[in-house]
Visitor: 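Structure below; questions to follow.
Reminder, nothing fancy here: chain letters follow the sequence lines and each chain counts from 1.
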Amino acid sequence: MGKMIYLDNAATTRTAPEVVEAMLPYFTEFYGNASTVYEFGGKSKEAIAKARETIANAIGAKDNEIYFTAGGSESDNWALKATAEAYKSKGKHIITSKIEHHAILHTCQWLEQQGYEVTYLDVDENGLVKLDELKKAIRPDTILISIMFANNEIGTIEPIAEIGKIAKEHDILFHTDAVQAFGQVPINVDEMNIDMLSTSGHKLNGPKGIGFLYIRKGVKIRSFVHGGAQERKRRAGTENVPGIVGFGKAVELAVSTMKERTDKEIELRDYLIDRVLKEVPFTRVNGDRKNRLPNNINFCFQFIEGESLLIMLDMKGICGSSGSACTSGSLDPSHVLLAIGLPHEIAHGSLRLTLGADTTKEDIDYTIDAIKDIVAQLREMSPLYEDYIKKHN
Amino acid sequence: MGKMIYLDNAATTRTAPEVVEAMLPYFTEFYGNASTVYEFGGKSKEAIAKARETIANAIGAKDNEIYFTAGGSESDNWALKATAEAYKSKGKHIITSKIEHHAILHTCQWLEQQGYEVTYLDVDENGLVKLDELKKAIRPDTILISIMFANNEIGTIEPIAEIGKIAKEHDILFHTDAVQAFGQVPINVDEMNIDMLSTSGHKLNGPKGIGFLYIRKGVKIRSFVHGGAQERKRRAGTENVPGIVGFGKAVELAVSTMKERTDKEIELRDYLIDRVLKEVPFTRVNGDRKNRLPNNINFCFQFIEGESLLIMLDMKGICGSSGSACTSGSLDPSHVLLAIGLPHEIAHGSLRLTLGADTTKEDIDYTIDAIKDIVAQLREMSPLYEDYIKKHN
Amino acid sequence: MYSEKVMDHFKNPRNMGEIENASGVGTVGNAKCGDIMRIFLDIDDNGIIQDVKFKTFGCGAAVATSSMATELVKGKNVQEALQVTNKAVMEALDGLPPVKVHCSLLAEEAIHAALWDYAEKNGIKIEGLEKPKNDISEGEEEEEY
Amino acid sequence: MYSEKVMDHFKNPRNMGEIENASGVGTVGNAKCGDIMRIFLDIDDNGIIQDVKFKTFGCGAAVATSSMATELVKGKNVQEALQVTNKAVMEALDGLPPVKVHCSLLAEEAIHAALWDYAEKNGIKIEGLEKPKNDISEGEEEEEY
Ligand SMILES: Cc1ncc(COP(=O)(O)O)c(C=O)c1O
Ligand SMILES: Cc1ncc(COP(=O)(O)O)c(C=O)c1O
């Protein structure tokens, strides 16, 4: 491979070398099962306890409120399905938004098949959940509100503290999918009145296949994966010690570098957005310009289609995404872009670039030039552009 | 730490250095998300495809019948819950055994709460499922038979081919929890008429936090973890590329070394069992002496309690287990030992030793001597032994 | 994801562009589904396709199938062009991923649409050519999980 | 899992053994639950515990609490011995894991049982001593998930 500019950090990140370093001893040296009697297993147990503490501190939680899972999707499934089950005698109504990740949306659809009722809140043109609509949607049988902390496609950060407050006032559980936000923006579960929170290790330079669900003490959630007594009997399965250790290390790094890293990302992000908006016609930015993840850029380029754009960027060594990487197997345009009011043909022309700690000004300049070239080239090829030009000449 | 003789390979194994080696590039070099358009993500996709092929070949399956999960517990939960859901219009009766792992038993209990009916088959004194009882348990509304390939505590290998045949004759799905058997005994899903099969990577010198569920093409199972379109839309979550690659490597090693490794283990296993039976009075072997995992040893030493035994073995550097490691948080004696007919006080005195590829004759001799000493010492301390001796003198 | 042939035709699309005053122009697909193909045919008096151009809005496979389809019909007569199936296009590209098979159907249909336009403009009837659908529904049924 | 103190008392149990013709012997727990403790007391005419021994079938914590309990009552008089609570045993051991708290209850109960036996044998009544239960049900309720 030649030059590579990796701008798909929302899909996954490079595992930090320090993280791998921290994990290594737990593969071949301290490989003991953490749930054993002998001292050797105690090494694993201690390592898990340390990671749990680091992580709990990062979100203002207590150690025993952190439950390790296999990632964001499992955390989301667990949070929704198992609270739905535990609170069904109270009610069967759940509120979420139209721009959640599929791990939430498909879980909600499954819950609907099980007899639950789900309200999918609209968002405004920037992807912000409307608080008054949230309030209106609340019913006596509402048991759960699940709104993502920040959107994975357009980077919009939701008013989580306000939502938490509303949920608390109505005595309704509040879950947030913080898979994209964790490590990028400060989170405090107490101040924000969050009862459950999902994360995934590989989104913040930790390993893939590990995540956690924060569960506030007192929440009567049931198990999702039944079996052994791990994770205080709530999540069965031999503990993924290296994964947990790596996650802990990644969180430690993400927290300690957050301010500096995101300040730099914000600067590069806004520089790229501003230049592309100025230099590429028929372009729009998706997502809120202010309440936005530090590393997220999302455009729609009219008259062209995203996959072609991605392949041509790839030919120049730039890795980006169009809609969520998780759904690239699908042919539908992004449900998020549709929800913020874009027509299908515009939604098809989206490009998401998500920066990382290593992204440089040079990378960004190179990328801007590449975008300009490629968009022009694809428009040259586009019958839609032809029609538009003919109509307006 | 001084000397260590690790004889708890059924709890978890050391990740093989070759496995770690194979994983490493996928953390920091080829860290791309496998579900992306750019070539860089293609590296991850290819690595997954290769692992999937290795694994499919290992059990005589097709590539597209292997679905990666986070481990044995998730595979078991998925297999049971999602077939129960998919086939509920056919019936709501499931057959399993009393000696399954908790990942099966607790899932069955959950299913019972959801309105399913579960028959828990008795086993004989060696832990073998009785085929005539299985046949008798089958009803028109039976949708699934789930019997483990080999038991994790007493090592008994179940008559899987025969069970598969019965299931097939009755047109009932057959799932087997092969977490302990995979890599230790030859498995062929076609010859054995297995429709679904659970495994876990860390039991065969692969990494923790990865497993797979084999699902025969045509089985109408639903998703368990809903979300993105990974694993042919059946199991959501960003692929754990290093985990999958490591699992693939571990399977490759396990398959290629199986004959030699297990021949050696069987010899050491039987040597230890025979000597301990001869040299330590009031001792019994649990599990079938013939249909037995090559690396499994399980004793009950009368008048003493297992945890004390473990701690004292640990003091001599020997790692063993008493009952399943997963349940060591519990105070109940092993449900498996109760199911083979042992009274509680005998069940409490169990010791499981599970050998690995590196176990040597010296380790075994040292362990035998340790057992003899420790059992004598603990009996000296035991009021039960005192009573017995007084009564019989 | 794509074969080398597909990537080659995507990177270096053959016959991209338009033909002014073409003998026939066909546009199929719709922006909603993310694929639109437009084929321009220059057909001489002997019914031979002298030139062909395309414009495509769509994914890599859409571009590559358009490119390959134009190559396959160039120089052929109308009847021969009609025989160029989506299967032929796919084979010439060394295959397509399952989710992209509909692109090849679209390419076949775009040729047919251009031929239909040609026939209409010239008041002739081409044996075996039915009025093309404007839209191609996906061939594949998704499995329900 | 265990504190150093617990491990020390497990590895080097104090007062392990039996006393022939003891002034009082108490056995509590049952094999079903995996813990049995037997305490032997040698009490002199002044009601002072001159010697104490134990035998225990059970886990590490069961052995350590037995050992510690015997240490705590040794040399005390009957009334003082009665004041040795499970909490005192636990504290002396620098704590126990939650699942093992019942072991300390068992140790307390074993002392009481031996004292009861002593009282019965001598036809006396010890102020504040109730007939010990033979069995200790677990103090903890398991959370239902
Ligand atoms: C038979 C059996 N099934 C399932 C499991 C669960 O596997 P894991 O802990 O990897 O989820 C185990 C391991 O503890 C096992 O031995
Ligand atoms: C917002 C959001 N939620 C959930 C997930 C799922 O996380 P994972 O793929 O690690 O299971 C993702 C990542 O794709 C995400 O961006």
Visitor: With distance as the sole test, does B:K81 use its side chain to make a donor-acceptor pair with the main-chain N or O of A:V225 at under 3.5 Å?
Guide: no

Visitor: Are A:M23 and B:M23 close enough that some pair of their side-chain heavy atoms sits under 4.5 Å apart?
Guide: no

Visitor: Which bit of A:N240 is near chain B, if near means a heavy-atom gap under 4.5 Å: side chain, backbone, both or neither?
Guide: both

Visitor: Does the side chain of A:D314 come within less than 4.5 Å of B:V37's, by heavy atoms?
Guide: no

Visitor: So, using side-chain hydrogen bond (donor to acceptor under 3.5 Å, both in side chains) as the criterion, who are the partners of A:E239 when residues are at least two apart?
Guide: A:S35

Visitor: What part of A:I210 lies closer than 4.5 angstrom to a heavy atom of chain B: side chain, backbone, both or neither?
Guide: neither

Visitor: Rounded to the nearest 0.5 Å, what separates atom NE2 in A:H102 from atom CD in B:Q230?
Guide: 11.0 Å

Visitor: Looking at A:R14 and B:Y31, would you say the former's side chain and the latter's main chain have a donor-acceptor pair under 3.5 Å?
Guide: no

Visitor: Classify the ring geometry between B:F27 and A:F27 as parallel (under 30°), tilted (30 to 60°) or perpendicular (over 60°).
Guide: tilted

Visitor: With side-chain hydrogen bond (donor to acceptor under 3.5 Å, both in side chains) as the test, would you mind laying out the steps for B:H226 and A:T107 before giving the verdict?
Guide: CA-CA 6 Å; B:H226 292 89; A:T107 300; 4.7 Å; no

Visitor: Evaluate the side-chain proximity of B:I318 to A:Y38: yes if any heavy-atom separation is below 4.5 Å, no if none is.
Guide: no

Visitor: Is there a donor-acceptor contact under 3.5 Å from the side chain of A:K208 to the main chain of B:N33?
Guide: no

